[in-house]
Amino acid sequence: MAESAKDKVKYKILKALDVSGFTAFDPVIRLIFGEEPQKQLQAIVKYLVIPFFFVLACLWIWTWMGPRHKTKSGEVPTPDIVWESAVINDTIADREEIKEQDFLLEGVEREAALAEVTKEYAVLSEEVKRLKELVATAEAEKAELEAKAIGPIQEKHDALKAEYKLAEKERDEGIAAISEEVAAGKADTASLIAAIRDDGVATDAERAELSALKSQIDEIRSQKYKPLEEARKSYDKVADAQFFMKTRLEFLDKRNLTVKLDEAQSKLDGYMTDLASAGSAKDALKIAKRAVKAEESVDRLEGQEYASAVTIYHQTKRSIFTVFVGFFMAAFVAIPVGIMCGLNKIFMACLTPIISVFKPVSPVVWLLIFQIVVGAFFPDPENHALLNFLNELPLISSLEINPALIFSACTVAMCAVWPALVNTALGVSSIDQDHINVARVLRLGFWNRLFKIVIPSALPLVFAGLRISLGVGWMVLIAAEALSSSDGLGKFVWDEYQNGSSLTFANIIMVCFVVGIIGFLLDRMMIVLQRFVSFDGGGTSV
């Protein structure tokens, strides 16, 4: 019986889910097409609904525990704060694009944008003034509430401090009197030691009580006052927008490329006019030198580009580029060497000690070695022919290829080469003997056997090894970038850890999610490729 068009669509969708590794959504598709509703609903509850609520429970635990766990960087940021940091980083990237457009605008468009931004800046400035007054009012309210709560405790603290000071003085006098008696032979040393010990115990108890009162005062002062927090949040948001508008005004006016070019050209024209009417050779020489400098300034401005700040998107693109460079380097070495290992037992025996020794070596060690060895090839990176050529290529010129990126890519390659090599060797060595016998019967040459029998049969395991290698490379890359100061997500995390801003911790956790999501997508990509070359119809692991 021929399949209906509806069934064809269903099976195509199911096939796509199977190839991509998202088989957990199979019951949803089958339910949509009306296949055994009760069975599909049970599967949806087991494999989608329960995991969904488990994730929600984890988020709730995170939200509950975050503010209650104090670290040297403050409270652990809750999911909403991490999301806010992601929004802030996205806003920074968007603003960089806007500033670049402002930098390049010219003519009527620039004038219109300048007028609009000037108007918005004036509105925001008034709003900033109003919100600043609200913040001051909220701060005064908080101070008044704190004074009421702290007052009695502070009075008790001051009274006890004065009382303990007198008590300490009396004890010191008593110890002095006992020491005089000991010196005169009227008392034994044990009484002096006991007095000193009692003084130490009393002093520790007094300090502990004063410290407890001080802690209560500090706790009251550290408590958040919600109206003040909201007022500051509103003020910071508007003040940030105001500062951005101020920056836009600069890029539309004094820092605009067209404006700077017009000013430089006007200065050059003035020098040329003065040169034409120079009254003496000395004046002509002086003006000519100025004109030459003005010409150089015009030429430099004509080739000037906007110096964009490094954003999270740029760091992400650079990390992905670096990991693929290292991954392809590893594959280029691992696949042919793995094939030779699988075909020749002697070759495999020769390489086994090398694999066993170097496979467990930490990526940190490899990074340091590559910085020394590979770094010798780039004594002058700014004038190196290869780096200049790569930085002129249209697709990757914005990534700014430098030695640090090459060190990181080499480290990724060195750590990623082993899984691909071992799996390739295993895939080649485990080819069905019947396939080899058929090749012999057909009298196929070495290269025909290699490309028609060996490689096609080993491809599933080869891609399984490449999948592991890409995952290993992605994990290694973050540490390599952090240590080599190569622009990327690793350096972004390290810089955030070093600067200690209010959003540092949230940004680090945000990057944790970014790295995990990208790693997941890379893994799914390799699953799809692996399924395309698999001929046994077997499923892939999660």
Side-chain angles (χ1 to χ4, degrees), residues 317-343 347-348 350-375 377 386 390 396 399 401-429 450 454-455 458-484 486 488-490 515 518-530 532-533 540:
K317 286 189 291 185
R318 205 167 189 273
S319 288
I320 293 174
F321 174 78
T322 306
V323 79
F324 273 110
V325 170
F327 171 71
F328 285 123
M329 289 169 62
F332 181 78
V333 173
I335 293 176
V337 174
I339 290 173
M340 288 188 287
C341 287
L343 292 176
F347 192 84
M348 181 65 176
C350 292
L351 280 186
T352 297
I354 296 176
I355 297 172
S356 301
V357 170
F358 291 118
K359 184 181 177 182
V361 174
S362 168
V364 176
V365 178
W366 289 123
L367 176 63
L368 298 177
I369 291 173
F370 285 124
Q371 284 182 331
I372 297 170
V373 177
V374 181
F377 293 99
L386 176 61
L390 293 174
I396 61 174
L399 297 175
I401 311 300
N402 57 17
L405 185 147
I406 296 174
F407 302 152
S408 299
C410 289
T411 305
V412 169
M414 199 66 195
C415 295
V417 71
W418 311 116
L421 193 158
V422 171
N423 271 51
T424 301
L426 178 62
V428 172
S429 63
L450 181 64
V454 175
I455 293 179
L459 271 180
L461 271 176
V462 171
F463 272 88
L466 291 175
R467 178 188 173 191
I468 298 170
S469 292
L470 186 56
V472 170
W474 183 243
M475 287 189 293
V476 166
L477 174 67
I478 306 304
E481 287 177 338
L483 294 174
S484 66
S486 173
L489 291 172
V515 170
I518 293 175
F520 171 77
L521 294 177
L522 293 177
D523 188 64
R524 295 297 105 174
M525 178 190 73
M526 293 304 298
I527 284 179
V528 172
L529 294 176
Q530 182 181 349
F532 276 132
V533 299
T540 56

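- Counting heavy atoms from C-beta on, the side chains of F328 and V323 never come closer than 4.5 Å.
- For the atom pair SG (C341) and CD1 (I355), the distance works out to 5.5 Å, reported to the nearest 0.5 Å.
- Screening I335, T424, L461 against L466 for a side chain to side chain contact (heavy atoms under 4.5 Å, CB included) leaves a single residue, I335.
- Here CG of L459 is found 7.5 Å from CD1 of I455. Values are rounded to the nearest 0.5 Å.
- Side chains of I401 and F321 form a contact here, defined as non-hydrogen atoms less than 4.5 Å apart.
- Of all the heavy atoms in L483 and Q371, the pair that sits closest is O-NE2, 4.4 Å.
- Using cut-offs of 30° and 60° on the angle between ring planes, the pair F358 and W418 is parallel.
- Note that the CG atom of N423 and the CZ atom of F463 stand 12.5 Å from one another [nearest 0.5 Å].
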Given I406 and F370, is the side-chain contact (heavy atoms from CB on, under 4.5 Å) satisfied, shown in steps?
CA-CA 9 Å; I406 296 174; F370 285 124; over 6 Å; no
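- Interatomic distance, R467 CZ to L522 CG, rounded to the nearest 0.5 Å: 11.5 Å.
- The shortest heavy-atom contact between F327 and M526 is CZ-CE, 4.2 Å.
- Under the 4.5 Å side-chain criterion, counting only non-hydrogen atoms from C-beta, M525 is in contact with L470.
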Begin with the C-alpha distance, continue with both residues' side-chain angles, and end with the deciding distance and a verdict on side-chain contact (heavy atoms from CB on, under 4.5 Å) for S429 and M348.
CA-CA 10 Å; S429 63; M348 181 65 176; over 6 Å; no
Test log, rule side-chain contact (heavy atoms from CB on, under 4.5 Å), inputs W474 and T322:
CA-CA 9 Å; W474 183 243; T322 306; over 6 Å; no
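- With hydrogens and angles ignored, the 3.5 Å screen pairs a side-chain donor or acceptor of S469 with a backbone N or O of A420.
- Between V374 and C410 the shortest heavy-atom distance is CG2-SG, 4.4 Å.
- Side-chain atoms of S408 and S484 include a donor-acceptor pair closer than 3.5 Å.
- When the options L368, I369, V364 are evaluated for a side chain to side chain contact (heavy atoms under 4.5 Å, CB included) with W366, the one that passes is I369.
- Side-chain polar atoms of S319 and E481 form a donor-acceptor pair below 3.5 angstrom.
- The side chain to side chain contact (heavy atoms under 4.5 Å, CB included) with C415 is formed by just one residue from the set V361, L477, V476; it is V476.
- Q530 approaches A464 most closely through the heavy-atom pair NE2-CB, 3.9 Å.
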